There are 2 protein chains.
Amino acid sequence: MMTDSSQRVADAGLLADSIRLAGLKVTAPRLAVLRALSDSPHSNADALFGAVHSELPGTSLQAVYGVLAAFATAGLVRKIEPAGSPALFERRVDDNHHHIVCTRCSVVHDVECAVGHAPCLTPADALGFDVRAAEVIYWGLCAQCQLETTHP
Amino acid sequence: MMTDSSQRVADAGLLADSIRLAGLKVTAPRLAVLRALSDSPHSNADALFGAVHSELPGTSLQAVYGVLAAFATAGLVRKIEPAGSPALFERRVDDNHHHIVCTRCSVVHDVECAVGHAPCLTPADALGFDVRAAEVIYWGLCAQCQLETTHP
DNA sequence: TGGCTTGTTTTGAATTACTCAAAACAAATG
DNA sequence: CATTTGTTTTGAGTAATTCAAAACAAGCCA
């Protein structure tokens, strides 16, 4: 039976593998950022810095920015930038999912592409563009905030 | 027959009317910003400041930000914030159109909602959210940049 | 296994886009 | 025309991010 600690080691191995597979060197800050992102998807650089820093106190905020930039360029993480928010990062990549954001508390959740296949990826008139991606953000009130605004 | 200058005056009147109709006081900076936005939709605050400043040299950049914030709150303009870009503004409002952005030169064009009615406004699973809006941004290469990248 | 090369991180500073606050000013109303 | 209320100026401040040079470490090679 696999213990908690061997599980953690196995996880570290998987994290390291995916970093290596992306063509990047495996370093402690990179492992820590990737683990923090696994634990909390849709985190911003500052939140990740907080998580990483408690595990690896020498790590600088700039290192976290550097790690995230390298990961994003290598296709290991996806960067999303909802209006009015600092950039958020997630490990779910290459599956064309979208996001729903609460206008009150800013919580973000993943949502599958509304239509399964990709009609919303094809604009009515692409105006000569070679369209590579479609990004959809839904805005609304999350369940919790609906409660809190109707029972103030 | 309407002369160029009476046309300009008529335009100014229409601009003033729409500002007044939005419940805002009509001022020179507001008229100038609204005219600049009519001339160049998808402009950012800095570009608008440039246009306004040449017509009305006393105007400050902060005033432009103030005007745009008041317009956006009043529903007179729409603010869009594509990833990696400063906020852009446009007068087209309340018609649920979307945008297509060139990943190379950052030019922005309007596109109609891909499907006419609103299936893309309804996520597959709204996760308890009360969804109020869906924002779609298409990313790709504009016609010009396709040419310039294939004939370098 | 120890050096070498290349890529990564630290340290420190700078920049961009935007916001805040107080005082001066101007539009609209009667 | 005086007053009220909203707007703009002036000046400063902040958040998020980027840049650059030097120190450092990972992975390769002998």
Side-chain angles (χ1 to χ4, degrees), chain A residues 12-13 15-34 36 42-53 55-74 76-77 79-89 106 108, chain B residues 12-13 15-34 36 42-53 55-74 76-77 79-89 106 108:
Chain A
L15 295 174
D17 287 348
S18 58
I19 293 172
R20 231 185 321 266
L21 223 77
L24 298 169
K25 287 186 179 172
V26 176
T27 68
R30 285 177 174 177
L31 285 168
V33 167
L34 200 55
H42 312 132
S43 294
N44 63 34
D46 217 56
L48 292 169
F49 171 65
V52 166
H53 195 262
E55 172 186 344
L56 212 66
T59 313
S60 68
L61 175 59
Q62 288 86 329
V64 173
Y65 275 105
V67 167
L68 290 170
F71 282 0
T73 302
L76 198 58
V77 307
K79 181 183 188 177
I80 63 172
E81 298 175 63
S85 159
L88 307 178
F89 297 85
S106 299
V108 177
Chain B
L15 294 174
D17 288 347
S18 58
I19 293 172
R20 230 184 321 268
L21 224 77
L24 297 170
K25 288 186 179 172
V26 176
T27 67
R30 285 177 175 177
L31 286 168
V33 167
L34 200 54
H42 312 131
S43 294
N44 63 35
D46 216 56
L48 293 169
F49 171 66
V52 166
H53 195 261
E55 173 186 345
L56 211 68
T59 313
S60 67
L61 175 59
Q62 289 85 330
V64 173
Y65 275 106
V67 168
L68 290 170
F71 283 0
T73 302
L76 198 59
V77 308
K79 181 182 187 177
I80 61 172
E81 299 175 64
S85 161
L88 307 177
F89 297 85
S106 300
V108 177

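In what follows, chains are A, B, ... by sequence order, proteins preceding strands, each numbered from 1. Keep in mind the model is a prediction, meaning the values are calculated, not measured.
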Sequence-aligned protein contact record of nucleotides 18-30 of chain C, with B where the base is within under 4.0 Å of a protein heavy atom and S where only the sugar-phosphate is:
BBB------BS--
I need the minimum non-hydrogen distance between A:E81 and B:G84, along with the two atoms involved.
OE1-N, 3.2 Å
Any side-chain N or O of B:R30 below 4.0 angstrom from OP1/OP2 of D:dG6?
no
Between B:L56 and B:A32 the two heavy atoms that sit nearest each other are CD2-CB, 4.3 Å
Rounded to whole Å, how long is the line connecting atom CD1 of B:I19 with atom P of D:dG6?
17 Å
Side-chain donor-acceptor distances from residues 15-29 of chain B under 3.5 Å, at least two apart:
residue, atom, partner, partner atom, Å
B:D17, OD1, B:R20, NH2, 3.3
B:S18, OG, B:L14, O, 3.4
B:S18, OG, B:L15, O, 2.9
B:T27, OG1, B:R30, N, 3.3

Rounded to whole angstrom units, what separation is found between the CG atom of A:L31 and the P atom of D:dA26?
10 Å
Minimum-distance pair of heavy atoms, taken over all atoms of B:A47 and B:S43
CB-CB, 4.3 Å
On a heavy-atom basis, the closest approach of B:F89 and B:L68 is CE1-CD1, 3.6 Å
Please give, in whole Å, the distance from D:dT7 C1' to B:L68 CG?
14 Å
Nearest heavy-atom pair of A:L61 and A:A45: which atoms, and what distance?
CD1-O, 4.2 Å
